[in-house]
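Notes follow the structure.
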Amino acid sequence: MAHAMKPAGFQQTIRRAWLPVLAVALGLLPLTAAAAAPQPDPWWKYAVFYEIYPRSFQDSNGDGVGDLNGITRRLDYLESLGVDAIWITPFFPSPQVDFGYDISDYVAVDPQYGTLADFDRLVAEAQKHQIRVLVDMVLNHTSDQHPWFIDATRSRHSAAHDFYIWSNGLPDGSGKHRPPNNWTSLFGGSAWEYVPGIDQYYYHRFYRQQPDLNWRNPRVEHAMFEVMRFWLDRGVAGFRLDSVTSLYKDPQLRSAPPLGGRTSQGNAAVSDARTNNLPEVHALLRRMRSMVDHYPGNRVLLGETYVSSTAQLSPWYGGARHDELHLPMDTAFAFATRLDAREFRRRLTEAGTQLQGSQPLLLLDNHDRTRSWDRFGDGVHNADIAKVLATVLLTARSAVLLYQGEEIGQATATPVRVEDVRDPIGITGWPREKGRDGERTPMQWDNSPQAGFTVSTHPWLPVTPGYEKVNAQSERRDFDSVLNWHRKLIALRRNDPALRGGRLVLLDADNPRVLTYARVTPEGSGVLVSVNMSAQSQTITVSGNSAGLAGTRFRTLLSSPIDIDVAAGGRITLPAFGAWVGAVE
Ligand code: GLC
């Protein structure tokens with residue numbers, strides 16, 4: 001059913017985009033007519049992306065670790081959910097110190113996840129389900145087991161030595177030396193690791209097994225662009241660029257200003273001004289964008305762009321030039337912690353006004369953060385709260401990123417004993433930092449042992465208690481489930497022109513508990529959305545007049561709970577954490 005609702009697939013999009021060009025080439029169209037032909041919006045503009053953490057999605061060979069064939073097996077599910085694309089976190093050969101974010105070969109598949117042939121099959125099968133595949137590109141660092149790094153540590157004169165960031169350190173007064181500055185690793189300790197064989201330190205933003213690449217060396221750019229082409233040629237629809245804001249560091253290696261206080265790893269906190277957000281990265285992104293845009297089919301660059309405000313995202317799009325990332329993630333939106341109508345109103349306003357017309361990419365969850373279920377849940381109304389959040393995410397003017405399990409209301413299950421922790425930052429940081437295992441537990445498919453994730457009795461992380469109820473299969477059968485709410489919202493968003501491209505107009509803007517807005521097409525048709533962000537029932541009067549919607553009849557498109565009524569004049573009573581979406585006619 002979902003299949004029939006999909007807009008034109010890639011082949012069609014590619015064909016449409018190339019048609020005028022072809023017509024000019026054949027002399028069928030004068031140049032001016034072809035240039036004037038309206039360009040359809042690229043597919044990614046309204047897409048729902050779905051993040052897959054492959055270790056925890058679906059195991060197909062019984063070893064307790066998810067794999068690529070497991071993802072292929074679940075394409076029907078993804079299609080019925082309605083997602084347009086999947087982003088798969090790294091599945092390349094890796095010592096797995098950071099569970100794949102430490103890559104030792106960028107152009108192959110780690111045997112525990114499958115083979116390149118499995119990947120090709122996944123892309124081909126996904127295409128049949130009208131789902132595009134994005135891969136994670138870790139450009140900031142490699143594994144210390146990557147052949148480049150092994151070569152780099154052999155000698156100061158080896159071919160790949162300058163692929164990484166080196167320093168001789170400073171004398172420590174006792175005939176030895178110490179790191180060149182106070183930079184710390186995000187994962188704890190100094191960011192400098194000493195290599196006795198060549199008597200030098202290398203820089204690592206993350207674990208010491210993740211040496212940072214030296215992007216000031218043009219050979220690094222050349223090599224990594226080749227890697228990206230390898231995957232683009234294999235048919236990927238784009239990339240999620242890991243840690244993309246930190247590719248360049250201060251070439252003089254100056255110490256960072258101290259911030260006072262301690263990090264979650266117990267280090268003295270220092271500013272990241274020397275190691276993050278350096279202006280040089282933007283020219284690189286323009287070159288990368290131009291390379292990627294040369295491929296047909298609107299390939300897309302998503303960015304892991306941690307910034308503290310939406311306005312700071314604009315440069316990552318290339319500001320008014322729109323020539324850098326297509327969709328840097330709005331992590332400021334993702335960092336909302338309170339379910340507060342005023343806060344969400346502010347964030348939506350910022351996303352709509354501070355990006356110079358670029359399309360926001362909104363998200364709440366990923367594999368590095370406590371799930372929104374737990375961040376926003378009050379322990380009583382979690383499912384209704386999850387529906388409120390999904391409503392905002394999927395009806396705002398944006399592309400959307402969901403993280404596996406978010407759509408079924410999967411909970412975070414942080415380990416309670418340090419001996420159970422698998423994420424190294426949880427091992428070194430315990431108990432202050434318990435690591436990221438909690439948000440990476442296996443996807444809950446059904447109520448069989450191990451939730452249908454694996455036939456092994458030893459999944460790499462334990463399945464979260466409560467999966468017997470919270471799982472894709474049982475929620476699929478429950479009309480009122482969090483899963484079906486997501487499915488209905490995605491279907492609506494796909495088919496309703498106002499929800500796709502319409503502008504967003506905030507309504508009832510002083511209401512502290514109820515968030516209400518209209519989505520309005522240029523032709524003046526529209527949809528109203530109203531969510532109660534409080535635990536008390538709220539009565540409001542909706543009207544689209546101030547948004548330019550003349551109609552006075554309201555037709556409910558979706559409501560949670562199901563029996564929310566709109567009385568004459570637009571009066572609606574939303575129970576605790578109720579959500580309503582309606583057309584104005
Ligand atoms: C990104 C990833 C995270 C990883 C880190 C280092 O933040 O999302 O999981 O540990 O980069 O690659």
Side-chain angles (χ1 to χ4, degrees), residues 49-57 66 86-104 106 110 134-146 149 164-165 183-189 191 193 203-213 215 224 227 239-247 249 263-265 272 275-277 281 301-307 316 325 328-331 334-335 361 363-371 401-404 406 412 414 421-429 433-441 460-461:
F49 296 88
Y50 183 91
E51 178 192 352
I52 293 184
Y53 195 71
R55 268 187 106 67
S56 301
F57 193 60
I86 53 177
W87 143 39
I88 312 174
T89 67
F91 50 80
F92 317 106
S94 160
Q96 306 291 336
V97 171
D98 192 14
F99 296 114
Y101 280 98
D102 47 323
I103 299 172
S104 54
Y106 282 80
D110 192 301
L134 274 70
V135 297
D136 211 315
M137 229 348 95
V138 184
L139 302 172
N140 183 70
H141 49 270
T142 68
S143 158
D144 63 350
Q145 298 306 308
H146 193 290
F149 191 70
Y164 296 89
I165 297 168
W183 297 357
T184 52
S185 157
L186 290 187
F187 288 172
E193 183 72 13
Y203 171 72
H204 58 94
R205 179 173 172 82
F206 299 98
Y207 296 123
R208 68 183 163 74
Q209 295 91 339
Q210 295 170 296
D212 278 47
L213 284 164
W215 280 86
M224 294 310 278
V227 165
F239 302 99
R240 175 264 191 184
L241 302 177
D242 185 66
S243 194
V244 68
T245 59
S246 63
L247 299 184
K249 350 280 164 183
T263 67
S264 64
Q265 292 283 342
D272 67 357
T275 52
N276 195 23
N277 266 320
V281 70
L301 293 172
L302 272 52
E304 186 197 27
T305 35
Y306 282 108
V307 291
W316 297 97
L325 301 177
M329 295 175 192
D330 189 342
T331 46
F335 273 134
L361 173 57
L363 69 148
L364 292 167
D365 284 350
N366 67 24
H367 64 285
D368 294 326
R369 302 206 62 203
T370 301
R371 288 178 178 274
L401 178 57
L402 297 175
Y403 173 49
Q404 70 184 44
E406 182 178 354
T412 316
T414 305
V421 178
R422 305 295 305 274
D423 182 9
I425 59 172
I427 299 171
T428 53
E433 164 64 73
K434 295 190 168 134
R436 299 162 293 180
D437 294 347
E439 51 269 30
R440 298 174 175 183
T441 56
W460 81 282
L461 279 178

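Side chains included, hydrogens not; waters and symmetry mates left out as well; all remaining heavy atoms used. Note that ligands are numbered from 1 as they come in the structure, with each ligand's atoms numbered from 1 the same way.
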Is the ring pair Tyr207/Phe187 parallel, tilted or perpendicular, if the boundaries are 30 and 60 degrees? tilted
Determine whether the side chains of Asp110 and Gln96 contain a donor N or O and an acceptor N or O closer than 3.5 Å. yes
Is a side-chain N or O of Glu439 found less than 3.5 angstrom from the main chain of Arg371, in a donor-acceptor match? no
Arg436: salt bridge (charged side-chain N to carboxylate O under 4.0 Å, His left out) partners, not counting sequence neighbours: Asp98, Asp368, Asp423
Below 4.5 Å, heavy atoms only, C-beta onward: do Asn140 and Arg205 meet side chain to side chain? yes
Tell me, which residues have any heavy atom less than 4.0 Å from some atom of ligand 1? Asp98, Tyr101, His141, Phe187, Phe206, Gln210, Arg240, Asp242, Glu304, His367, Asp368, Arg436, Arg440
Aromatic contact, Tyr53 with Trp87 (centres under 6.0 Å): no
